[in-house]
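Just so we're clear, the structure is a prediction, and the values are computed from it rather than from any experiment. Only this structure's heavy atoms are used, side chains among them; waters, hydrogens and symmetry mates stay out.
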Amino acid sequence: MLLSQSPLRSSMIFCTAAMTSLALFTATTAEARGPAIAYTAELQAPVEAAQEIIKGGVIRCVGTECIGSQSNSAPRTICAKLVDEFGPVASFAHKGKAFDADAIAQCNN
């Protein structure tokens, strides 16, 4: 039997290929997840797809829906900056906690 026909060599090649595939898949899915969503907002009027960095967090808006990653500022500040960039909001939430009507009114001013 030749060395190239050895079952041990075939097993080693298979294991190396499997581990390489697993490492590549894990790296790809980790990048796809990205930062967690901290902010959600609904705009009063739709906008073209856009992305802005606001106080260290990335905010992406498409149509009337916006999502954003955690930033370095208070949620009220982020809401006001979002209004400056994209227009008035109908709703805004930070980590699932929605702003009440008074906070939305302040945000839109």
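Residues forming a side-chain contact (heavy atoms from CB on, under 4.5 Å) with D100 (at least two apart in sequence, or on another chain): D102, A103. The side-chain hydrogen bond (donor to acceptor under 3.5 Å, both in side chains) check on S71 picks up Y39, with sequence neighbours excluded. Residues satisfying the side-chain contact (heavy atoms from CB on, under 4.5 Å) criterion with V83, sequence neighbours excluded, are V89, C107, N108. By the side-chain hydrogen bond (donor to acceptor under 3.5 Å, both in side chains) test, Q106 is found to be paired with R76, residues two or more places apart in sequence or in another chain being considered.
Of all the heavy atoms in P75 and F92, the pair that sits closest is O-CE2, 3.7 Å. Closest of all the heavy-atom pairs between L82 and C66 is CD1-CB, 4.3 Å. Residue A93 comes nearest to A98 through the heavy atom pair CB-CA, 3.8 Å, listed as atom of the first residue, atom of the second, then distance. Closest of all the heavy-atom pairs between G63 and L43 is O-CD1, 4.0 Å.
For residues 40-76, there are no ring pair (Phe, Tyr, Trp, His ring centres under 6.0 Å) pairs, not counting sequence neighbours.
Interatomic distance, I37 CD1 to K95 NZ, rounded to the nearest 0.5 Å: 13.0 Å. Distance CD1/I59 to NZ/K81: 12.5 Å, rounded to 0.5 Å.
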Cut-off 3.5 Å, no hydrogens considered: what does the side-chain donor-acceptor table look like for residues 46-56, sequence neighbours left out?
{"from": "Q51", "atom 1": "OE1", "to": "R60", "atom 2": "NE", "distance (Å)": "2.9"}

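Within a 6.0 Å radius of CD in E42, other residues, nucleotides and ligands contribute more than 12 heavy atoms.
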**Asked** Given the rule in the side-chain contact (heavy atoms from CB on, under 4.5 Å) test, do C79 and F99 qualify, once you have shown the distances and angles that lead to the verdict?
**Response** CA-CA 10 Å; C79 185; F99 277 25; 4.0 Å; yes
